[in-house]
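Hydrogens, waters and symmetry mates play no part in the numbers below; they use all other heavy atoms, side chains included.
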Amino acid sequence: MHTTAKKIRYQLLNIIGQGSSSTVFLGKGSDSEQPVAIKKIELKSGVNLKEALLRFQREADIISGFSHPHIIKLKNVFEKDHMIYIVME
């Protein structure tokens with residue numbers, strides 16, 4: 001799982017993109033003044049939250065292993081209030 005040892009709080013500043021099941025926000029973390037993109041994924045009713053979070057965390061593990069100038073860096077994946085958040089540079 002791609003997480004950090006300390007708890008980082010994120011502030012959602014404004015919407016920069018939206019789709020049928022997710023919204024992407026410009027945001028910032030409590031650990032840095034650097035802007036981040038935060039993808040908020042709204043899970044449909046009936047979706048098993050633990051299974052969905054595990055699936056996103058596995059994907060995050062794979063992506064975090066990439067190092068290429070044309071691939072964004074994944075910073076964090078977490079769940080709050082039955083929503084999954086993916087934080088990217």
Side-chain angles (χ1 to χ4, degrees):
M1 179 168 75
H2 187 78
T3 59
T4 55
K6 65 180 181 173
K7 189 90 168 168
I8 300 172
R9 298 182 64 91
Y10 295 97
Q11 180 181 8
L12 303 178
L13 301 175
N14 57 340
I15 295 174
I16 56 176
Q18 200 162 12
S20 62
S21 63
S22 65
T23 303
V24 180
F25 294 87
L26 174 64
K28 71 176 189 170
S30 60
D31 65 332
S32 171
E33 287 298 315
Q34 291 288 354
V36 292
I38 302 170
K39 184 174 188 177
K40 176 182 167 186
I41 301 168
E42 301 174 24
L43 298 175
K44 307 260 189 262
S45 62
V47 172
N48 182 307
L49 179 62
K50 286 185 180 183
E51 286 179 15
L53 189 55
L54 201 70
R55 188 175 67 244
F56 284 111
Q57 288 172 334
R58 276 191 297 241
E59 187 174 330
D61 286 342
I62 293 168
I63 293 170
S64 66
F66 296 150
S67 178
H68 190 277
H70 297 287
I71 299 176
I72 60 169
K73 298 269 189 237
L74 184 73
K75 297 179 73 73
N76 205 349
V77 176
F78 63 95
E79 178 273 335
K80 182 180 179 190
D81 299 330
H82 207 71
M83 306 273 186
I84 293 178
Y85 294 83
I86 300 174
V87 183
M88 301 159 280
E89 68 175 2

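Residues forming a ring-ring contact (aromatic ring centres under 6.0 Å, His included) with Phe78 (at least two apart in sequence, or on another chain): Tyr10, Tyr85. With sequence neighbours excluded, the residues satisfying side-chain contact (heavy atoms from CB on, under 4.5 Å) with His70 are His68.
A continuous path of hydrophobic side-chain contacts links Ile63 to Ile84 [ILVMFWY only; heavy atoms under 4.5 Å]. Note on Met88: it clusters hydrophobically with Ile41, by side-chain heavy-atom contacts below 4.5 Å among ILVMFWY residues. The cluster map of Ile, Leu, Val, Met, Phe, Trp and Tyr, joined by side-chain heavy atoms under 4.5 Å apart, puts Ile15 and Met83 in the same cluster. Ile16 and Val87 are assigned to two separate hydrophobic clusters, defined by single-linkage of ILVMFWY side chains at heavy-atom distances under 4.5 Å.
Of the inter-residue distances, the one linking Ser20 atom OG with Glu42 atom CD reads 9.5 Å to the nearest 0.5 angstrom. In this structure, Lys50 NZ and Glu79 CD are separated by 10.5 Å, a value rounded to the nearest 0.5 Å. Once rounded to the nearest 0.5 Å, the distance linking NZ of Lys40 with CD of Gln18 reads 9.5 Å. A distance of 6.0 Å separates CG in Asp31 from NZ in Lys75, rounded to the nearest 0.5 Å. Once rounded to the nearest 0.5 Å, the distance linking CD1 of Ile62 with CD of Gln57 reads 12.5 Å. Put simply, CG on Leu12 and OG1 on Thr23 are 10.0 Å apart, with the number rounded to the nearest 0.5 Å.
The heavy-atom pair separating Ala60 from Val77 by the smallest distance is CB-CG2, 3.5 Å. Across Glu89 and Ile71, no two heavy atoms sit closer than the pair OE2-O, 4.4 Å. In terms of heavy atoms, Gly27 sits closest to Ile38 at CA-CD1, 4.0 Å.
Contact check for Ser67 versus Lys73: side-chain heavy atoms found under the 4.5 Å cut-off.
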